[in-house]
Amino acid sequence: MSIQQLHNATDTSISTLQFPELLFVEDKLQVVLSKADGLIQQTCLSLLQSGGKRIRPLLTLYGGMCFAPLNPSMIQAAVAAELIHMASLIHDDVIDKSATRRGKPTINSLYGDHAAILTGDYLFAEAFHILSTHQLLSSMTYLVEAIQAMCEGEVNQANEQFSSSISHEQYFQRITKKTGKLLTACCQSGAILAGASAEELTQMREYGLNIGYAYQITDDILDISGDADSLGKPVGTDLMNGNITLPFLYLMDNPIYGNWLKELLKTRKLTHQGIHSIKEALVSSGCLDQAYATATTCICNAKASLNKIPRTPYRKTLIDLADSILQRTT
C-alpha cells in the first residue's frame with residue numbers, strides 16, 4: 001500500500017460491534033469514571049465520551065483469549081490499561097499545549113492545566129486501585145514498567161527538541177518507551193492472566209513491540225501528511241513542537257534536502273510555510289514512503305511473532321489488527 005492509499009483508507013476505529021468483548025470494558029469504564037466527584041467526574045466523562053480506538057484493552061483481552069476463555073481478570077486488566085492510556089493522553093496534551101484531540105477540545109483547554117493534570121493523576125490512581133483490589137500483580141508489574149518507560153520517553157523527547165543529531169537507534173529507543181512498552185504490557189498482561197507459557201509471553205512481547213513501532217511510525221507520517229479534520233489536530237504538530245520523527249530523520253539523511261532541513265531546525269521556530277515546504281520535500285524525496293516501508297516491515301515482524309501462538313480466531317484478530325495499522329487515517 002502506498003502513502004496515498006494510506007490516506008484513502010477507511011477509518012479503522014475499533015467498535016464494540018466488531019469486538020463485543022469490549023462492551024464489558026466500556027461498561028466498567030463508565031462505572032469507574034461516574035463515581036468521581038465534581039469537576040473530576042465532568043472531565044473524566046468528557047474524555048470517555050470523546051471516544052478512542054480502545055486498542056490497549058483489545059490487545060489485553062485478545063492477547064489473553066489466544067490462550068484461554070475470557071475471564072474477569074482479563075477484563076479488569078483491560079480497563080486498567082485504558083485508564084492508564086487516557087491519563088497519559090491528558091498529560092501529553094498539557095505538555096504539548098494541545099487545544100484539540102480527535103477534533104474536540106482537550107481537558108486542559110476546557111478546564112486548565114491544573115485540572116487536567118489532576119484528572120490524569122486520578123485516572124492513574126483508579127487504574128492501580130483496580131489492579132491491587134483484584135490482586136492482578138503480574139499485570140501491575142508490566143503496566144508499572146510501561147508507565148516508567150513512557151515518562152522516560154517524554155523526558156528524552158523534550159531533551160531532544162529540534163536536535164539534528166538524533167540517531168535512528170535513539171528514535172526507536174524513544175518510541176519503544178513512548179508507545180511500544182504499553183502495547184507490549186497489554187499483550188503480556190492478558191496472556192499471563194490466561195496462563196501463557198514463558199515462551200508465549202516472549203512472543204506476545206515481540207508482537208506488541210512491533211505493532212507499537214508501526215503504530216508510532218504511521219502516526220509520524222500522518223502528522224505531517226494527513227488531513228487536519230481527520231486527525232483532529234493541526235498538521236505538522238510534531239515538527240512545530242520540535243519532535244524529530246522517522247520521516248524527518250530520513251530527510252536529514254537525504255543528500256539534497258538534509259542540510260536544508262538541519263538549518264531550518266536550528267531556528268527552533270518553524271512557520272506554516274516552512275512546514276508545507278518540508279512536507280513537499282518529504283514527498284518528492286520518497287522519505288514518507290521510506291518511513292511507510294519501515295512500518296510495513298515492523299508489521300511483518302509482528303505477525304511472524306504469532307506463528308507459534310495457538311491457531312484461534314483471536315490470533316487471526318491480532319493479525320488483522322496489525323494489518324489495519326498500515327491503513328490508519330487517524
Problem set entry | Residues Asn108, His114; criterion side-chain hydrogen bond (donor to acceptor under 3.5 Å, both in side chains); working and verdict | CA-CA 8 Å; Asn108 51 295; His114 186 73; over 6 Å; no
Exercise. Looking only at side chains, do Glu200 and Ser197 share a donor and an acceptor under 3.5 Å apart?
Worked result: yes
Exercise. Taking 4.0 angstrom as the limit, do Asp113 and Lys97 come out as a salt bridge?
Worked result: no
Exercise. Take atom NE2 in His272; do more than 12 heavy atoms of anything else shown fall under 6.0 Å from it?
Worked result: no
For this session: Salt-bridge test for Arg328 and Asp219: reply yes if a basic N is under 4.0 Å from a carboxylate O, no otherwise.
Result: yes
Exercise. Between Glu160 and Arg174, is there a salt bridge with N-O shorter than 4.0 Å?
Worked result: yes
Exercise. Could you go step by step and tell me if Glu152 and Asn156 meet the side-chain hydrogen bond (donor to acceptor under 3.5 Å, both in side chains) rule?
Worked result: CA-CA 6 Å; Glu152 290 173 0; Asn156 291 345; 5.9 Å; no
Exercise. Under a 4.5 Å side-chain heavy-atom rule over Ile, Leu, Val, Met, Phe, Trp and Tyr, are Leu89 and Val155 clustered together?
Worked result: no
For this session: Check the side chains of Tyr257 and Ser284 for a donor-acceptor pair under 3.5 angstrom, ignoring hydrogens and angles.
Result: yes
Problem set entry | Of Leu264, Thr245, Leu265, the residue whose pairing with Leu239 passes side chain to side chain contact (heavy atoms under 4.5 Å, CB included) | Leu265
Problem set entry | Beyond-backbone contact of Ile107 with Arg101, side-chain heavy atoms, under 4.5 angstrom | no
Exercise. If only atom types and distance count, is the side chain of Asn307 paired as donor or acceptor with the main-chain N or O of Ala304 below 3.5 Å?
Worked result: yes
For this session: Examine the side chains of Gln216 and Thr179 and answer whether a donor and an acceptor come within less than 3.5 Å of each other.
Result: yes
Exercise. Taking Asn254 for the side chain and Ile256 for the main chain, is one N or O donor matched with an acceptor at less than 3.5 Å?
Worked result: yes
Problem set entry | Charged N-O contact under 4.0 Å between Arg54 and Glu26 | yes
For this session: Kindly indicate, with the supporting measurements, whether the criterion side-chain contact (heavy atoms from CB on, under 4.5 Å) is fulfilled by Tyr213 and Asn301.
Result: CA-CA 10 Å; Tyr213 289 155; Asn301 292 339; over 6 Å; no
Problem set entry | Check: Tyr314 ring centre within less than 6.0 Å of Phe67 ring centre | no
For this session: Name the orientation class of the two ring planes belonging to Phe124 and His91 (parallel below 30°, tilted from 30 to 60°, perpendicular beyond 60°).
Result: tilted
